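Heads up, the thing below is written out as structure tokens.
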Amino acid sequence: SSRLGKGKDHSWEEIEEMLIQSDMGIQTVDILIEKLKKRKGANIQEILKEEILALFPPLNREPIISPSPPTVILMVGVNGVGKTTTIGKLASSFIKEGKKVLLSASDTYRAAAIEQLGLIARTVGADMVKHQYGADPTAVTFDALQSALARKYDFLIIDTAGRMHSDKNLMEELKKIKRVLSTKFNYSPLLPPQEVIMVLDAHVGQNSFQQAHVFHKALNVTGIVLTKLDGTAKGGIILQIERELEIPVKWVGVGEKWDDLVKFSPRDYVESIFL
Amino acid sequence: NLRTRLSKIFKKLKGEAFLSEKNIEEALKEVRIALLEADVNYRVVREFLTLTREKALGKRVLNSVSPAQQFIKIVHEELVKILGEQATGLLTAPVPPSIYMLVGIQGSGKTTTCAKLGLILKNKGRKVLLAATDTQRPAAREQLKMLGEKIGVPTFTEGRTPLEIALSALKTSRKLGCNVVLLDTQGRLQVEEELMKELEVMRDRIKPTEILLVADAMTGQEAVNIASTFNERLSLDGIILTKVDSDARGGAALSMRMVTGCPIKFIGTGEKIQDMEAFYPDRIASRILG
Ligand SMILES: Nc1nc2c(ncn2[C@@H]2O[C@H](COP(=O)(O)OP(=O)(O)OP(=O)(O)O)[C@@H](O)[C@H]2O)c(=O)[nH]1
Ligand SMILES: Nc1nc2c(ncn2[C@@H]2O[C@H](COP(=O)(O)OP(=O)(O)OP(=O)(O)O)[C@@H](O)[C@H]2O)c(=O)[nH]1
Ligand SMILES: [Mg+2]
Ligand SMILES: [Mg+2]
């Protein structure tokens, strides 16, 4: 919780401590402290909120929908950040709007990844395409794409195995998965995947920037989901990610239930840092 | 990097007999930046700098190395000292089975680590039983069961509640003649009160030989709150750091070690079941410093 209060006298160190502990990183914190020093006012907390809010670039945070279905969403990220769970949440929200959703079990590697996605699909009302463990994830993805087209799904969401951005072979595999999604569409203006969504865990520190940077170079990430914000971590590194990589945070995960996904708003986020 | 930045600070030190206080303060500023970039917690950094300052003050300048190298060596040694000078293994219970309970926040690597430890102990000649007590996550028990099959170790999954599964697993371990039981638990945030209580109850009823916090090496500033809360509530016996194969600097290791005093016992270095090693502070210390 923030110890900054209205009218309270705060040292620069206290303010710096609070900002660093939100995982913003020294670079962003230094920028903020410099801006604060130029401002006058008794209510440090309000001034700080304004300055943090002002750091957010004006990015388009709307989901990208294909003019002709399916809208294809590729979910990527390192191990354990919440990709599969977030797919369930997205699918659930689309289905509540009356849309038809197909999931592709393209994580053919991790133990019980296919069973996990299968249970999620059944729970939220989505269909799923799967092969066997050890199958080529590109083949599963292509199979799912065929199904999505033939059976006119509104959304196709691709689950992928977690992987370290420092693993060149696994990043190449992901590029292949992305490429196969556009093979049937060389006439369309908006090639699938319309969204490459990177999932980041709010508890991860500065490494999230490196993750976003490498995944973005490889795949051209169109949006970020910041998960586990129901914990005490603030995920402040997203400021540097948005400013330097221009990737918008589109949603935040705030729990493990299927409706625990909220549209990202910089204003709400800034308020939450001070809770 | 830190070494070049320190070289700039200390190159004016030619002909001096001692590392000057002024040079040390400038050098500590650079160390501070390096540690914060490495995800070491803000307050832990402050404490570490105080300890390092004491070590560096009054040190004679050596002729054998540059002052920058000497200073880095002081910092590195202090890091290694705090991280724990040697790997400590797992305690064996006086009366079998030895029960090791794995806890931690969502996605940290508990289920995978459970199997990895199972393999290590099996290779040491122990008779291992894995117990899958996560009844919440879809296919969690299936996940541990698949891993258990891979390493040829039985996995117990029967029961309606985590406690029921754990107690039944203990009964079964005696029937099977197992001398090790590894308990996988559901991931939980340290602020999920009901779930933390559930772990306390499990600890009281099961009386594990060791409770191990499984924590992600990429964790940022909150590593301190996660580790200290789990430690206060459960009294941890050790920490296992996962995903050390990432290119994260791993400052969370220093933070968690410093606030809990718990030994880091193992590190996870990949997704394969073989990817687990004993923790040696030297390599992690170098990584944290960058
Ligand atoms: N508290 C909380 N837990 C979450 C959130 N999102 C995901 N989780 C949990 O994080 C854990 C990992 O989620 P997964 O969806 O399996 O993560 P993943 O990225 O698919 O993992 P891998 O496929 O193994 O790389 C699960 O226990 C989820 O319930 C969130 O927003 N809040
Ligand atoms: N690269 C790498 N991946 C790891 C390591 N340890 C675990 N993982 C991966 O991290 C992801 C999460 O691992 P799990 O074992 O499911 O984590 P968990 O703590 O049991 O997750 P919950 O039960 O949802 O809390 C999986 O994709 C694992 O393969 C490691 O040391 N290195
Ligand atoms: Mg997954
Ligand atoms: Mg698990």
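This structure is a prediction, so every number in the text was calculated from the model and none was measured. Protein chains get the first letters and strands the later ones, always in sequence-line order, with residue 1 at the start of each.
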(Q) Can you tell me which of A:K228, A:R163, A:Q27, A:Q211 forms the most heavy-atom pairs within a distance under 4.5 Å of chain B? (A) A:K228

To the nearest 0.5 angstrom, please state how far the [atom1] atom of [X] sits from the [atom2] atom of [Y].
X	Y	atom1	atom2	result
B:S246	A:Q210	OG	CD	10.5 Å
A:I20	B:N41	CD1	CG	10.0 Å
A:T232	B:L189	OG1	CG	7.5 Å
B:S108	A:N79	OG	CG	12.0 Å
B:D39	A:I237	CG	CD1	8.5 Å
B:L35	A:I26	CG	CD1	9.5 Å

Chain B contact via [X] - side chain, backbone, both or neither, heavy atoms under 4.5 Å:
X	answer
A:S166	side chain
A:V81	neither
A:D167	neither

Check whether [X] gets within reach of chain A through its side chain, its backbone, both or neither, counting any heavy atom under 4.5 Å.
X	answer
B:I33	both
B:R188	neither
B:M146	side chain
B:K272	both

**Q.** Closest approach of B:D247 to A:N207 (non-hydrogen atoms, all atoms of both residues)
**A.** OD1-ND2, 2.7 Å

Q: Check B:G220 against A:D23 and note the closest heavy-atom contact, atom names and distance.
A: CA-OD1, 3.6 Å

(Q) Check this for me, if you would: do B:R46 and A:E13 make a salt bridge, where the nitrogen-to-carboxylate-oxygen distance has to be below 4.0 angstrom? (A) yes

Q. Does A:R110 come within less than 4.0 Å of B:E271, counting only side-chain N to carboxylate O?
A. no

**Q.** B:Y42 vs A:M18 side-chain heavy atoms within contact, under 4.5 Å
**A.** no

Q: Indicate yes or no: at least one non-hydrogen side-chain atom of B:Q143 is less than 4.5 angstrom from one of A:E115.
A: no

Do other residues, nucleotides or ligands put more than 12 heavy atoms under 6.0 Å from [X] [atom1]?
X	atom1	result
B:E25	CD	yes
A:K35	NZ	no
B:K145	NZ	no

**Q.** CA sep, side-chain torsions, deciding dist, call: B:Q106, A:E256, side-chain contact (heavy atoms from CB on, under 4.5 Å)
**A.** CA-CA 10 Å; B:Q106 291 88 342; A:E256 301 187 78; 2.8 Å; yes

Q) So which bits of residues 131-139 of chain B come within less than 4.5 Å of chain A, counting non-hydrogen atoms only? A) B:Q136, B:R137, B:P138, B:A139

Q) A:V204 and B:T219: side-chain contact (heavy atoms from CB on, under 4.5 Å), yes or no, with the steps? A) CA-CA 4 Å; A:V204 171; B:T219 311; over 6 Å; no

(Q) Testing A:H203, A:K234, A:Q21 one by one against B:Q221 for a side-chain contact (heavy atoms from CB on, under 4.5 Å), which residue passes? (A) A:Q21

Q.
Do B:E37 and A:Q206 pair up side chain to side chain, a donor and an acceptor below 3.5 Å, judged on atom types alone?
A. no

